[in-house]
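Chain letters run A, B, ... following the sequence lines, proteins first and then strands; every chain starts at 1. Values reported hereafter were calculated over all heavy atoms of this structure, with side chains retained and with hydrogens, waters and symmetry mates removed. Please read all numbers here as calculations on a predicted model, not as lab measurements.
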There are 2 protein chains.
Amino acid sequence: MCLNFYIYTNTDNMQTSTTEDYLKAIFKLSGIYKKGVSTNSIAEELSTKASSVSDMVKKLSEKKLVDYVKYQGTTLTKEGENIALKVIRKHRLWEVFLVEKLKFGWDEIHEIAEQLEHIKSPKLIDKLDAHLGFPKKDPHGDPIPDKNGLFPTIKKLKLNELKIGEKAILTGVSEDSKDFLSYLDTIGLKLGSSIEVLDYFKFDKSLKVKINNRSDLTFSDLVANNLNISKEN
Amino acid sequence: MCLNFYIYTNTDNMQTSTTEDYLKAIFKLSGIYKKGVSTNSIAEELSTKASSVSDMVKKLSEKKLVDYVKYQGTTLTKEGENIALKVIRKHRLWEVFLVEKLKFGWDEIHEIAEQLEHIKSPKLIDKLDAHLGFPKKDPHGDPIPDKNGLFPTIKKLKLNELKIGEKAILTGVSEDSKDFLSYLDTIGLKLGSSIEVLDYFKFDKSLKVKINNRSDLTFSDLVANNLNISKEN
DNA sequence: AAAAATTTTTAGACAACACTAAAAAATTTG
DNA sequence: CAAATTTTTTAGTGTTGTCTAAAAATTTTT
């Protein structure tokens with residue numbers, strides 16, 4: 001007979017990248033009204049199975065990163081939310097780096113930032129922040145949490161909220177699927193691009209718009225609804 | 001009774017970061033005369049146990065990344081060496097980035113680069129290379145392999161090979177322990193610093209040197225042997 | 001409110017790596 | 001060259017995270 005005494009010095013609060021992915025997913029799915037996130041939705045967000053999620057949230061719960069009640073979904077604890085916000089901060093700062101410094105296109109950066117966001121270094125991200133000039137928004141227009149996890153408040157206006165004749169500049173997008181982003185690249189729409197609403201077709205809520213001096217573009221309501229803008233002064 | 005048919009689509013040749021660490025360690029330990037690297041030395045290099053290494057090299061061997069003969073050590077296959085060189089390229093380019101762009105000190109970058117070297121993206125590293133101006137050496141003076149894994153040939157001269165009165169500039173270091181590097185930082189020695197040998201003491205092979213107009217420094221032979229230089233023209 | 005459908009959880013495995021303890025091979029010593 | 005020492009391997013486990021299949025709980029239908 002033999003007893004193994006393993007001493008696992010789990011003394012620090014370092015998270016695995018899987019843990020970070022779960023927390024980020026739960027944060028994203030929590031929305032404004034922070035009610036329990038369903039096991040299935042987490043599974044879908046992370047491209048995994050409900051049974052895996054069920055296992056995992058139980059473990060996260062033991063680590064006090066989420067509150068989890070069987071059959072009633074999962075919410076982040078304060079600690080869990082802090083970690084999620086740090087990961088989001090890192091993700092978005094790296095995205096700025098990839099676009100601004102390395103000249104990547106919008107549609108190429110997400111997967112790379114998914115990896116970079118897990119790099120562990122207290123100093124690195126703040127130095128990167130400084131190097132980038134303390135940006136407030138990522139290339140998709142999403143706000144970058146500060147060191148304390150606070151979002152700069154940016155009032156978002158959607159393109160389909162404009163009236164005919166109004167002009168605005170693109171400040172971001174709400175949807176970051178590869179298809180959508182590469183579509184924007186194709187038509188030459190970029191962060192800061194000027195957009196003018198030329199016409200509005202009531203029957204399908206589509207918009208005729210002018211971008212970069214081209215007036216031959218029409219956006220479906222779905223597209224317009226995913227374009228964040230701010231009105232030109 | 002129940003049969004599980006798992007279909008593991010191990011169709012791609014993506015490596016885990018552990019695999020990359022092993023290959024890098026084996027490359028580093030192989031030296032000029034590429035004879036089998038001992039299990040123990042790999043274990044020491046990776047701060048793990050010989051039994052773990054024994055397991056692992058067997059698996060790497062199945063993947064054709066190393067040649068492994070029981071009790072006779074491990075060597076990299078061509079494929080394994082290619083991967084190792086790519087990881088080294090990535091490590092060193094990130095180190096340049098950390099020092100040049102983010103203004104990190106020499107002694108802080110190794111651990112961060114250890115993480116960054118595992119980021120997977122075909123385009124990322126070449127864009128980074130371009131962004132940095134295609135550097136040939138990392139901040140320690142070590143050569144950066146090109147896209148094809150070829151090292152630029154840099155003839156290394158050690159400080160303790162100089163004669164009294166000769167001057168040289170520091171091109172790199174052979175030892176990258178934190179202690180050593182932070183010592184160099186403390187005395188203000190940097191890549192490109194000019195060093196003049198003022199005196200040589202035969203009894204312990206120590207050198208009196210002049211750096212940054214200070215003439216009060218003495219290097220032990222151990223230190224001098226770890227300083228790579230090139231003679232000033 | 002019972003039946004049907006859906007969601008969630010458990011149970012049992014698997015894969016990648018790590019570790020301890022002990023056995024086996026190789027090397028060094030005397 | 002046999003004995004002692006060192007190196008390496010095997011055997012048995014642990015941990016994290018994933019999966020399938022099946023059971024349990026919840027929600028929706030009728």
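Across the protein-nucleic acid pair, B:M56 atom CE and D:dT10 atom P stand 16 Å apart, rounded to whole Å. When rounded to the nearest whole Å, the span between NE2 of A:H118 and C1' of D:dG17 equals 14 Å. Per the geometry, CG belonging to B:D55 stands 9 Å off C1' belonging to C:dA18, to the nearest Å. At whole-Å resolution of the value, NZ in B:K49 and P in C:dC19 are 6 Å apart. The nearest whole Å value for the distance from the NZ atom in A:K63 to the C1' atom in D:dT16 is 8 Å. Rounding to whole angstrom units, NZ of residue B:K58 and P of D:dT9 are separated by 7 Å. Look at CD on B:Q72: it is 11 Å from P on D:dT8, rounded to the nearest Å. One interatomic measurement links the two molecules: CD1 of A:I42 to C1' of C:dT9, which rounds to 14 Å at whole-angstrom precision.
When the side-chain nitrogen and oxygen atoms of B:N40 are compared with OP1 and OP2 of D:dT8, one or more of them lie within a distance under 4.0 Å. For the OP1/OP2 pair of C:dT7 and a distance below 4.0 Å, the side-chain nitrogens and oxygens of A:S38 include no atom meeting the criterion. Contact check, A:Y22 against D:dT18: a side-chain N or O comes under 4.0 Å of OP1 or OP2. At least one side-chain nitrogen or oxygen of A:Y68 sits closer than 4.0 Å to the OP1 or OP2 atom of C:dT9.
If you check every strand for non-hydrogen atoms under 4.0 Å, B:S52 touches a base. Residue-level contact check: A:S51 touches the bases, meaning some heavy atom is under 4.0 Å from a base atom. Using a 4.0 Å heavy-atom distance criterion, B:T48 is classed as a sugar-phosphate-only contact. If you check every strand for non-hydrogen atoms under 4.0 Å, B:K59 touches a base.
For the pair A:E81 and A:K78, the salt-bridge criterion is met [side-chain N within less than 4.0 Å of a carboxylate O]. Using a cut-off of 4.0 Å between Lys/Arg side-chain N and Asp/Glu carboxylate O, B:E79 and B:K64 are scored as not salt-bridged.
More than 12 heavy atoms of other residues, nucleotides or ligands sit less than 6.0 Å from atom NZ of A:K120.
A:H140 and A:H110 have their aromatic ring centers separated by at least 6.0 angstrom.
Here C:dT8 is the nucleotide among D:dT9, C:dC17, C:dT8 with the atom lying nearest to any side-chain atom of A:Y71. Closest to the B:K70 side chain, of the nucleotides D:dA24, D:dT9, C:dA18, is D:dT9.
Judged by the 6.0 Å and 45° rule, A:K127 forms a cation-pi pair with B:F104.
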For the pair B:Y22 and B:T48, evaluate side chain to side chain contact (heavy atoms under 4.5 Å, CB included) and give the outcome as yes or no after the intermediate values. CA-CA 11 Å; B:Y22 270 86; B:T48 183; 4.1 Å; yes
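Counting heavy atoms from C-beta outward, B:I109 and B:P139 have side chains that approach closer than 4.5 Å.
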Per-nucleotide pairing state of DNA chain D [Watson-Crick or G-U, under 3.5 Å; [ ] pseudoknot-crossing; | other strand]: ||||||||||||||||||||||||||||||
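Paired with B:E117 under the rule salt bridge (charged side-chain N to carboxylate O under 4.0 Å, His left out), one option of B:R89, B:K90, B:K24 passes, and it is B:K24.
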